[in-house]
2 protein chains.
Amino acid sequence: MPATIYDIAKKAGVSIATVSRVFNNSAKVSDKARTKVMKVADEMGYHPQAYAQGLASRKNNTVMIVVPVISNYFFMEVLSGVQDKLSQLNYELSIFNISPNKDIEEQVEHVLKRRWAEGYLFISIHLEDSQWENLKRYNVPITLIDEHYEGFDSVSVDNAQGAYRAAKSFFEQGYKRVAMLSALETSKPIRDRMKGYKKALNEFNLSFDEKLVVKGDSMQRDGFTERAGYEAMTKILDMKPMPEACFCASDIQAVGALKAMQDTGKRIPIIGYDDIELAEYMGLSTIRQPMRDMGFFATQNLIDRMNNPEKAISQTIYSPELVARSSTEVKNKKTGS
Amino acid sequence: MPATIYDIAKKAGVSIATVSRVFNNSAKVSDKARTKVMKVADEMGYHPQAYAQGLASRKNNTVMIVVPVISNYFFMEVLSGVQDKLSQLNYELSIFNISPNKDIEEQVEHVLKRRWAEGYLFISIHLEDSQWENLKRYNVPITLIDEHYEGFDSVSVDNAQGAYRAAKSFFEQGYKRVAMLSALETSKPIRDRMKGYKKALNEFNLSFDEKLVVKGDSMQRDGFTERAGYEAMTKILDMKPMPEACFCASDIQAVGALKAMQDTGKRIPIIGYDDIELAEYMGLSTIRQPMRDMGFFATQNLIDRMNNPEKAISQTIYSPELVARSSTEVKNKKTGS
DNA sequence: CTGAAAGCGCTTACAG
DNA sequence: CTGAAAGCGCTTACAG
């Protein structure tokens with residue numbers, strides 16, 4: 001049996017209150033008592049149990065990330081921003097993974113009810129406004145990343161604008177039949193990016209052709225995979241007439257798309273979305289989302305709210321920018337419009 | 001204030017013991033009481049608090065992953081295996097991130113002392129035997145992934161053998177000056193892979209030339225990054241005479257290496273290490289580590305131990321295999337030996 | 001099947 | 001600066 005605060009108190013000849021104070025860095029402990037307690041605690045390998053502390057103090061110094069599908073490049077980069085921020089502070093980080101097979105809202109509520117953390121970072125959790133509203137009653141600090149809802153602090157990127165910029169850049173170069181390599185239509189990012197794609201079409205007086213919106217057959221991770229990208233691009237290259245350029249819904253799909261072009265020997269300019277670290281090394285033109293910054297900033301924001309619950313709610317929206325690399329440099333590039 | 005078990009008990013007209021039993025799926029509750037409690041609990045949005053349950057029952061149904069540098073491809077894939085297994089069971093998953101800037105053993109001990117979970121999966125945590133031995137006294141279920149120590153269950157891959165196979169395949173094709181694109185020398189995987197590289201050299205009667213072991217300058221994530229791979233390959237391609245082939249310590253470094261070759265126009269066959277999902281789409285020959293399987297199997301193993309602490313300790317070691325793709329198909333390939 | 005009661009290992013006013 | 005004591009929200013023998 002591991003030592004408890006009672007064991008330490010007895011051995012150090014003090015009360016459990018004093019032991020507790022030592023571990024909580026309370027100033028009101030004599031150096032003598034502090035030294036003695038630390039010595040004994042060290043000998044016995046003692047450290048306060050998280051669960052007992054949490055129950056008694058009603059706080060646990062923990063920030064929890066709630067995220068669906070953890071093995072995802074976007075998440076990884078956001079996470080590194082979160083970690084950068086958190087490591088400057090004295091909070092512990094825990095991650096809860098929402099399963100894609102069960103009801104999302106239910107799982108989120110479950111996490112909140114369990115009261116695991118003092119503050120939550122929701123990453124890429126997309127709910128209806130009414131569901132978000134419903135979550136407000138838990139009255140706990142939550143910051144949304146990659147999602148937008150007026151009732152909570154949020155940090156997101158304007159997806160429609162990103163897609164718009166990508167499509168627009170193609171149209172400006174004179175391409176008219178620009179495919180959109182898509183993923184699960186009902187997913188929030190796809191819905192938003194679709195809007196941007198259509199907006200650009202509109203602006204250039206081009207009509208929307210649903211045949212140009214293509215997704216793969218594999219739908220794991222909502223279709224944001226190399227495989228789905230490969231499948232979709234294979235279809236695109238098979239179309240007659242073949243589209244002149246392609247906007248991909250994510251860099252990871254674009255990786256699959258590049259491979260499909262290589263395998264078939266056909267090649268059209270493509271633009272990805274995200275700017276994951278790899279993109280630079282693959283020469284992939286893409287729409288940059290400042291993922292690390294988002295994680296860093298959102299964490300700062302969450303901590304601020306934890307310290308000051310009355311703080312005004314803020315929405316932070318980043319504008320994504322186009323990063324041009326070799327995947328859009330194609331020899332037979334058209335010019336003029 | 002959120003509802004407690006007392007609120008529910010009072011409103012449902014039963015004792016707190018009954019409420020507790022309902023939530024713990026105890027069979028010994030009348031349907032009537034169960035229905036009533038569930039109804040009230042639902043109305044009041046009640047769910048037992050993790051910390052109070054954990055304290056009272058001394059278990060928390062949680063498995064914790066302890067891992068350094070979370071944003072890493074190897075980890076992501078192992079994780080998906082863990083999740084596959086865990087989603088079949090009723091355990092909750094939490095992740096603790098070991099900071100690379102602080103003492104690792106200290107952080108690990110801290111986690112164990114805090115008693116956050118009932119079982120731990122240590123991924124890519126490398127310690128000395130004496131340190132592992134020291135950890136045994138916590139007497140808690142731990143399964144090691146990507147590390148090997150006799151005192152704990154472990155699931156790992158034979159790193160030396162993987163490197164050996166990669167190097168050997170080059171030597172068999174007649175290459176003699178085979179570079180090793182390395183990373184932080186003191187890291188465990190590098191030390192092991194170095195052994196395999198040397199073993200192959202030996203077998204082919206080639207002498208070890210330390211100039212052929214090259215790493216990048218960026219040492220974040222111990223040098224296992226695209227950038228470090230790019231830097232290292234740039235150096236390799238600059239050497240006179242230029243090495244004839246290159247074994248990379250990880251796929252992610254190989255991605256950087258491929259870019260360096262593309263940028264300089266020089267090209268030598270390369271083999272990566274890991275077989276991350278991307279490798280297939282980049283045509284990267286590599287040494288496959290069964291990452292998902294490792295995660296899946298290790299989780300199974302951990303759960304088994306949690307249910308049966310007396311179970312014999314087992315070491316599972318996978319043999320990595322070479323997956324040949326286009327990155328080793330170079331036109332000026334030599335033949336014969 | 002159900003309830004009263006002790007206990008899990010801490011924190012934190014309160015009194016000194 | 002320090003200790004006695006109540007309380008955090010649960011679980012779980014024990015007795016019925």
Side-chain angles (χ1 to χ4, degrees), chain A residues 1-38 40-41 44-62 92 110 112-118 138 140, chain B residues 1-38 40-41 44-62 92 110 112-118 138 140:
Chain A
M1 283 288 89
T4 69
I5 198 171
Y6 295 96
D7 303 323
I8 307 303
K10 184 184 290 178
K11 198 148 180 185
V14 298
S15 72
I16 60 165
T18 297
V19 177
S20 173
R21 289 188 183 107
V22 168
F23 276 91
N24 289 293
N25 288 314
S26 164
K28 305 174 258 173
V29 182
S30 66
D31 276 357
K32 185 168 160 246
R34 184 185 304 277
T35 314
K36 180 71 180 163
V37 167
M38 284 310 257
V40 174
M44 308 188 67
Y46 171 79
H47 196 280
Q49 283 192 29
Y51 280 48
Q53 273 191 314
L55 180 58
S57 67
R58 264 144 295 163
K59 34 183 200 167
N60 55 24
N61 255 74
T62 301
E92 283 167 4
H110 179 249
L112 261 22
K113 283 181 186 166
R114 296 285 275 165
R115 321 182 115 252
W116 257 304
E118 288 177 59
Y138 289 100
V140 61
Chain B
M1 282 286 92
T4 69
I5 199 171
Y6 295 96
D7 302 324
I8 307 302
K10 184 183 290 178
K11 199 149 180 184
V14 297
S15 72
I16 61 163
T18 296
V19 176
S20 172
R21 288 188 184 106
V22 168
F23 276 91
N24 289 293
N25 288 314
S26 165
K28 306 174 260 172
V29 183
S30 66
D31 276 356
K32 184 167 160 246
R34 184 184 305 277
T35 315
K36 180 72 180 164
V37 167
M38 283 312 256
V40 174
M44 308 188 65
Y46 171 78
H47 196 282
Q49 282 192 29
Y51 280 47
Q53 272 191 315
L55 180 58
S57 68
R58 264 142 296 163
K59 32 184 202 167
N60 55 22
N61 255 75
T62 301
E92 284 167 1
H110 178 249
L112 261 22
K113 282 180 186 166
R114 294 285 275 166
R115 322 183 116 252
W116 257 302
E118 288 177 59
Y138 289 101
V140 61

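All values derive from a computational prediction rather than experimental measurement.
Of the side-chain N and O atoms in B:Ser30, one or more sit less than 4.0 angstrom from OP1 or OP2 of C:dT2. For the pair B:Thr4 and D:dC8, the criterion of a side-chain N or O lying under 4.0 Å from OP1 or OP2 is not met. For B:Ser20 and D:dT12, the shortest distance from a side-chain N or O to OP1 or OP2 is not below 4.0 Å.
Nearest to the side-chain atoms of B:Ser15 among the listed nucleotides D:dG3, C:dG3, C:dT2 stands C:dG3. Out of C:dT2, C:dG3, C:dC10, the shortest distance to the side chain of B:Arg21 is found at C:dG3. Of the candidates D:dT11, C:dA4, C:dT2, the closest approach to any side-chain atom of B:Val29 belongs to C:dT2.
There is a side-chain donor-acceptor pair under 3.5 Å between B:Asn24 and B:Ser20. A:Tyr51 and B:Asn60 are linked by a side-chain donor-acceptor pair at a separation below 3.5 angstrom, with hydrogens and angles left out of the test.
Counting to the nearest Å, the C1' atom of C:dT2 and the CG atom of B:Asp31 are 15 Å from each other. When rounded to the nearest whole Å, the span between CG of B:Asn24 and P of C:dC1 equals 16 Å. To the nearest angstrom, P of C:dT11 lies 13 Å from CD1 of A:Ile8. Regarding B:Lys28, its NZ atom lies at a distance of 17 Å from the P atom of D:dG16, rounded to whole Å.
A heavy atom lying under 4.0 Å from DNA chain C marks the following residues of residues 47-60 of chain B, by number: B:Leu55, B:Ala56, B:Arg58.
No engagement by A:Val19 is indicated, since no non-hydrogen atom pair under 4.0 Å with the nucleic acid exists.
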- Query: Tell me, what's DNA chain D's dot-bracket, Watson-Crick or G-U with both distances under 3.5 Å, | for other-strand, [ ] crossing?
  - Reply: |||.||||||||.|||
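If you find the closest nucleotide of DNA chain D to A:Ile16 and to B:Tyr46, the one lying nearer the 5' end belongs to A:Ile16.
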